[in-house]
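Have a look at the structure below before the remarks.
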Amino acid sequence: MLQNGTVINKTAIHRPHSLLTACTIATQIITAVSSSTYGGQTITISALSPFVRDSYNKYLKKYRDFGLSEEDCKKLADIDLKKEVKDSVQTFNYQINSMSTTNGQQPFLSLFMYIDEKPEYKKETAMLIEEFLKQRIQGMPNEQGVFITQAFPKLLYVLDEDNIYEDSEYYYLTKLACESTAKRMNPDYISAKVMKELKGDVYPCINKTCA
């Protein structure tokens, strides 16, 4: 739906060109689907990863058009991208927890976090996972302004060869996940190795009960 566009309430939604827009549209799709079904949904974080790159390329072009050096362009684009990732994840979380479906409740959503799902976007996927974990650790303010553990999205973190050893590239994400578990009792963990042995592949749960 994000890559090819979709229609919501007779309105055509075209492919977004930035992460922030993609996150906003994703929450609208999730809410629309939740209003037409019962039970939970699971989406994969890698569906948003291509739009991280789109945003980066947009910022990079902006600074190149200013005539800055390539090194400066990349540094400034990185700064802008980090801010957009933070704002986008915050938007996603607030949308999911503030919207109500026709069932009278917020969408029951699980978010599948598998770094290797789209190998060409591993860096972008890792950025999103990191920010979702950081914001989960921080919590979300309730009506009294007290930061509490949000119910949704439920986080499903996949353990694999590139994030389970201290010298592995994405071990820092697993440390963040453990910190989040200690403070927020979330995420849940999925072993890529065991799932491959039992199921032949690694994929999101298809309903809430298996999350």
**Complete:** Rounded to the nearest 0.5 angstrom, the CD1-CD1 distance for I43 and I29 is 9.0 Å
**Single-linkage hydrophobic cluster V33~L109, side-chain heavy atoms < 4.5 angstrom** = yes
**Message:** Is there a continuous path of hydrophobic side-chain contacts, each under 4.5 Å between heavy atoms, that joins F108 to M99?
**Reply:** no
**Message:** For L2, is there any backbone N or O sitting under 3.5 Å from a side-chain donor or acceptor partner on T6?
**Reply:** no
**Message:** If the threshold is 4.0 Å, N to carboxylate O, is there a salt bridge linking K61 and D65?
**Reply:** yes
**Asked** Between E179 and R184, is there a salt bridge with N-O shorter than 4.0 Å?
**Response** no
**Request:** Using a strict 4.0 Å threshold on nitrogen-to-oxygen distance, state whether E130 and K134 make a salt bridge.
**Result:** yes
**Asked** With a 4.5 Å heavy-atom cut-off, do D160 and I115 have their side chains touching?
**Response** no
**Request:** Would you kindly say whether S180 and Y157 are connected by a side-chain donor-acceptor distance under 3.5 Å?
**Result:** no
**Request:** Under the side-chain contact (heavy atoms from CB on, under 4.5 Å) rule, what do K196 and V202 come out as? Steps first, then yes or no, please.
**Result:** CA-CA 6 Å; K196 287 175 183 176; V202 183; 3.7 Å; yes
**Request:** Report whether L81 and F132 are members of the same hydrophobic cluster (ILVMFWY, side-chain heavy atoms less than 4.5 Å apart, transitive linking).
**Result:** yes
**Prompt:** Can you tell me how far the CG atom of L68 sits from the CG atom of L60, to the nearest 0.5 Å?
**Reply:** 10.5 Å
**Asked** Is the closest side-chain heavy-atom distance between L128 and S49 below 4.5 Å?
**Response** yes
**Request:** Give the other cluster members for V194, using side-chain heavy-atom distances under 4.5 Å between Ile, Leu, Val, Met, Phe, Trp and Tyr residues; answer none if it is isolated.
**Result:** L198
**Residues in side chain to side chain contact (heavy atoms under 4.5 Å, CB included) contact with A47, at least two apart in sequence or another chain** = T44
**Item:** Distance, nearest 0.5 Å, that separates CD of E197 from OG of S191
**Value:** 7.5 Å
**Message:** With rounding to the nearest 0.5 angstrom, report the CD1 to OH distance, I79 to Y59.
**Reply:** 12.0 Å
**Message:** So, taking the atom named CG in L19 and the one named OG in S55, what distance separates them when rounded to the nearest 0.5 Å?
**Reply:** 5.0 Å
**Fill in**
Value for CZ (F92) from CG (N97), rounded to nearest 0.5 Å, stands at 9.5 Å
**Prompt:** Are L155 and Y171 connected in a single hydrophobic cluster, I mean Ile/Leu/Val/Met/Phe/Trp/Tyr linked by side-chain heavy atoms less than 4.5 Å apart?
**Reply:** no
**Message:** Please give me the minimum heavy-atom distance between V158 and A192, naming the atom from each residue.
**Reply:** CG1-CB, 3.8 Å
**Item:** Shortest non-hydrogen contact between L156 and P187, atoms and distance
**Value:** N-CB, 4.4 Å
**Nearest atoms (heavy-atom pairs only) where D80 meets K62** = OD2-NZ, 3.5 Å
**F51 backbone acceptor or donor facing E124 side chain under 3.5 Å** = no
**Request:** Return yes if a side-chain donor-acceptor contact under 3.5 Å exists between S18 and T21, otherwise no.
**Result:** yes
**Message:** Determine whether a donor-acceptor pair (N or O, by modelled atom type, separation under 3.5 Å) exists between the side chain of N93 and the backbone of Q90.
**Reply:** no
**Complete:** In short, T42 meets F112 closest at the heavy-atom pair CG2-CB, 4.3 Å
**Message:** Using only atom types and a distance under 3.5 Å, with no angle test, would you say the side chain of R136 pairs donor to acceptor with the backbone of T181?
**Reply:** no
**Asked** Do you reckon Y94 sits in the same ILVMFWY cluster as I25, going by side-chain contacts under 4.5 Å, direct or chained?
**Response** no
**Item:** Partner set under ring-ring contact (aromatic ring centres under 6.0 Å, His included) for Y56, not counting sequence neighbours
**Value:** none
**Prompt:** Nearest heavy-atom pair of I96 and Q106: which atoms, and what distance?
**Reply:** O-CB, 3.5 Å
**Fill in**
Closest heavy-atom pair, Y170 versus N163, reported as atoms and distance to 0.1 Å, is O-CB, 3.5 Å
